[in-house]
A.B. asks: 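Provided herewith is a single structure, encoded as structure tokens, for subsequent inquiry.
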Amino acid sequence: VIANASEELKELVEKINAPVADTLMGKGAFDGEDDLYTGMLGMHGTKTANLSVTHCDLLITIGARFSDRVTGNTKKFANNAKLIHIDVDPAEINKNIHVDCKVIGDVKSVLEIMNQKLDQQSHKEWMEEVLRLKEEFPLVYNGQGLTGPYIIEKLYEITGGDAIITTEVGQHQMWAAQYFKYRAPRTFLTSGGLGTMGFGFPAALGAKMGNPEKDVICITGDGGFQMNMQEMATSVVQKAPVIVCILNNYYLGMVRQMQQLFYGKRYAATCLRRQKGCPDFCKGPNENCPPYVPDFMQWAKSYGAHSIRVTKEEEILPALEYAKNNKDASTVIEFMIATEDIVLPMVPGGKAMNEMILKA
């Protein structure tokens with residue numbers, strides 16, 4: 001993405017007839033609708049991408065750093081493969097994973113040279129195996145009620161993928177990475193690596209100011225959004241209207257997911273409705289929990305922004321259509337999603353990429 005090398009990447013992939021997986025920060029470098037695309041790799045990656053990397057005999061890594069979210073247990077990562085690592089930064093080579101071949105240089109220049117030197121290849125049996133995996137292990141989610149994945153799918157449907165998506169950090173970020181198909185570079189702006197809550201809304205405003213004719217959508221959670229929600233003032237003053245989709249589950253969802261799966265549902269410091277008198281460990285919101293504060297609808301109106309609260313599936317598309325058609329100010333859509341929905345697949349910490357939790 002940084003090297004503006006997506007066209008060269010596409011040429012290489014077609015020339016060597018290989019499947020493609022991306023990292024969170026590599027979204028859009030390769031067309032997410034392409035038949036050769038297997039999905040995101042890693043902790044919340046697709047089973048197809050993780051199995052393909054586990055079983056391949058040659059792994060070409062371009063501009064990625066082998067972070068723990070991608071490799072899982074490094075001793076079990078791509079053990080069947082020879083590894084080629086292409087990166088502009090020599091400090092990244094052999095830092096986390098030992099590789100068999102290193103190429104240090106600007107990705108665009110390196111791929112141009114490779115494409116000139118390589119002959120057309122065909123790997124029919126391998127590609128048939130990968131396509132079979134894609135068919136056998138699609139991403140699936142709870143189809144009942146209002147869920148994050150369903151909202152993201154509808155968002156993709158109404159935009160046709162022609163939008164810039166930004167996120168905060170958490171469950172909504174992973175759903176946005178999994179279920180929105182990014183077809184071009186710089187259409188997905190998110191904080192990987194540092195994982196900074198509060199990133200998404202200011203990023204959306206910057207993207208809108210740089211691309212005033214483009215639909216810019218910030219997908220966020222009720223926790224992360226509160227880190228920089230005051231930037232609505234910037235949106236109003238700078239006349240930079242964006243669409244803010246808040247997936248509200250009353251929790252710091254990604255941490256709560258870890259507590260749900262691995263710590264006996266002892267929800268400590270993750271419930272955003274906690275009040276004096278609550279038990280030491282929250283057992284989930286109930287009718288005795290206080291009303292949610294802040295009221296995002298009233299907050300948005302106080303800035304002169306539009307606001308819509310969505311509680312039913314049939315309300316999703318009308319809300320998104322309203323937001324797309326009313327561009328005089330930002331629109332905040334609050335989606336009231338289920339509390340205990342979790343991001344799947346998931347590779348637990350310390351496990352190999354093929355040791356995935358597929359259902360809770």
Side-chain angles (χ1 to χ4, degrees), residues 21 23-24 39-51 53-54 66-79 96-97 137-150 152 167-179 190-197 219-224 226-227 247-274 278-286 289 337-360:
T23 66
L24 182 69
M40 184 170 69
L41 179 69
M43 176 178 280
H44 293 296
T46 66
K47 187 166 185 177
T48 302
N50 285 354
L51 288 180
V53 168
T54 300
F66 295 111
S67 75
D68 63 330
R69 292 301 175 98
V70 164
T71 63
N73 186 333
T74 55
K75 294 180 180 178
K76 298 181 179 179
F77 179 74
N79 282 345
N96 297 323
I97 295 289
F137 300 113
L139 286 170
V140 293
Y141 58 87
N142 172 21
Q144 303 299 314
L146 203 61
T147 66
Y150 184 78
I152 305 299
T167 78
E168 308 292 345
V169 172
Q171 288 177 311
H172 67 274
Q173 178 190 33
M174 293 299 102
W175 285 324
Q178 290 174 330
Y179 289 94
T190 194
S191 178
L194 294 174
T196 307
M197 295 170 70
I219 300 172
T220 180
D222 48 316
Q226 294 185 66
M227 300 290 182
L247 306 189
N248 186 351
N249 61 3
Y250 299 117
Y251 274 89
L252 300 177
M254 190 57 87
V255 182
R256 182 200 55 74
Q257 175 168 329
M258 299 291 186
Q259 293 169 343
Q260 177 182 335
L261 291 176
F262 308 119
Y263 295 94
K265 297 188 177 182
R266 296 190 293 276
Y267 299 133
T270 50
C271 180
L272 297 182
R273 300 183 84 173
R274 191 170 174 86
C278 283
D280 289 339
F281 292 106
C282 173
K283 295 300 182 182
N286 57 53
C289 290
I337 67 171
T339 296
E340 291 205 341
D341 272 353
I342 63 176
V343 180
L344 293 174
M346 181 181 183
V347 178
K351 297 292 186 180
M353 281 300 109
N354 60 339
E355 299 177 279
M356 310 179 74
I357 298 173
L358 299 177
K359 59 182 181 180

A.B. asks: Please confirm whether the backbone N or O of Asp222 pairs with a side-chain atom of Asn248, one donor and one acceptor, at under 3.5 Å?
C.D. replies: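 No; judged by distance alone, with no hydrogens or angles, the pair does not exist.
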A.B. asks: Measuring from Ile152:CD1 to Met174:CE, what's the distance to the nearest 0.5 Å?
C.D. replies: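 If I round to the nearest 0.5 Å, the distance is 11.5 Å.
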A.B. asks: Please answer whether the main-chain N or O of Asp341 pairs with a side-chain N or O of Gln171 as donor and acceptor at a distance below 3.5 Å.
C.D. replies: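 Flag set: sc Gln171 to bb Asp341 pair under 3.5 Å.
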A.B. asks: Of all heavy-atom pairs between Ala176 and Ile219, which one has the smallest distance, and what is that distance?
C.D. replies: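 That would be CB-CD1, 3.9 Å.
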A.B. asks: Rounded at 0.5 Å granularity, tell me how far CZ in Arg266 sits from CD in Gln259.
C.D. replies: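 So the CZ of Arg266 and the CD of Gln259 are separated by 9.0 Å.
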A.B. asks: I need the minimum non-hydrogen distance between Ala269 and Leu252, along with the two atoms involved.
C.D. replies: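 Nearest pair, atom of Ala269 first, then Leu252: O-CD1, 3.8 Å.
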A.B. asks: Can you tell me if Gln178 uses its side chain to pair, donor with acceptor, with the backbone of Pro149 under 3.5 Å?
C.D. replies: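 Not at all, since once roles are kept as given, no pair shorter than 3.5 Å links the two residues.
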A.B. asks: In chain order, what residues pass the ring pair (Phe, Tyr, Trp, His ring centres under 6.0 Å) check against Phe66, with sequence neighbours excluded?
C.D. replies: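 Counting only residues at least two positions away or on another chain, Phe66 forms a ring pair (Phe, Tyr, Trp, His ring centres under 6.0 Å) with Phe77, His85.
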A.B. asks: Does any non-hydrogen side-chain atom of Gln173 lie less than 4.5 Å from one of Met254?
C.D. replies: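 Not touching, per the 4.5 Å side-chain cut-off.
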A.B. asks: To the closest 0.5 Å, what do you measure between OG1 (Thr71) and CZ (Arg69)?
C.D. replies: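 With rounding to 0.5 Å, OG1 (Thr71) is 11.0 Å from CZ (Arg69).
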A.B. asks: In Å, rounded to the nearest 0.5 Å, how long is the span from CZ of Phe262 to CE of Met346?
C.D. replies: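 It is 4.0 Å, given to the nearest 0.5 Å.
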A.B. asks: Are the side chains of Val343 and Trp175 in contact, using a 4.5 Å heavy-atom criterion?
C.D. replies: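 Yes; the side chains approach each other to less than 4.5 Å.
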A.B. asks: Any heavy-atom pair between the side chains of Glu340 and Lys265 that's under 4.5 Å?
C.D. replies: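 Lys265 vs Glu340: side chains touch.
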A.B. asks: Between Leu358 and Pro345, which heavy-atom pair has the shortest distance, and what is it?
C.D. replies: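 Scanning both residues, the minimum pair turns out to be CD2-CB, 3.9 Å.
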A.B. asks: Give, for atom CG of Leu139 and atom NZ of Lys47, the distance between the pair rounded to the nearest 0.5 Å.
C.D. replies: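 Rounded to the nearest 0.5 Å, the CG-NZ separation comes to 12.5 Å.
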A.B. asks: Determine whether Met356 and Val347 make a side-chain contact, defined as any pair of heavy atoms from C-beta on separated by less than 4.5 Å.
C.D. replies: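 Yes - at least one pair of side-chain heavy atoms lies under 4.5 Å apart.
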A.B. asks: One pair to check against side chain to side chain contact (heavy atoms under 4.5 Å, CB included): Leu41 and Asn50. What are the steps and the verdict?
C.D. replies: CA-CA 6 Å; Leu41 179 69; Asn50 285 354; 3.1 Å; yes
A.B. asks: Which pair of non-hydrogen atoms, one from Ala177 and one from Leu24, has the smallest distance, and what is that distance?
C.D. replies: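 For Ala177 versus Leu24, the nearest heavy atoms are CB-CD1, 3.6 Å.
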A.B. asks: Measuring from atom OH of Tyr267 to atom CE of Met258, what distance do you get when rounded to the nearest 0.5 angstrom?
C.D. replies: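 One gets 13.0 Å once the value is rounded to the nearest 0.5 Å.
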A.B. asks: With sequence neighbours left out, what residues match Pro138 under side-chain contact (heavy atoms from CB on, under 4.5 Å)?
C.D. replies: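 In terms of side-chain contact (heavy atoms from CB on, under 4.5 Å), with neighbours along the sequence ignored, Pro138 is linked to Val140.
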A.B. asks: Please give me the minimum heavy-atom distance between Asn249 and Thr339, naming the atom from each residue.
C.D. replies: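 Answer, listing the atom of Asn249 first, then Thr339: O-OG1, 3.6 Å.
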A.B. asks: Counting N and O atoms only, with roles assigned by atom type, does the side chain of Thr270 sit under 3.5 Å from a partner on the main chain of Arg256, one being a donor and the other an acceptor?
C.D. replies: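 Checked: no pair found.
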A.B. asks: Locate the shortest heavy-atom distance separating Thr74 from Asn96; write the atom from each residue and the value.
C.D. replies: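 Between these two residues, the closest heavy atoms are CG2-O, 4.2 Å.
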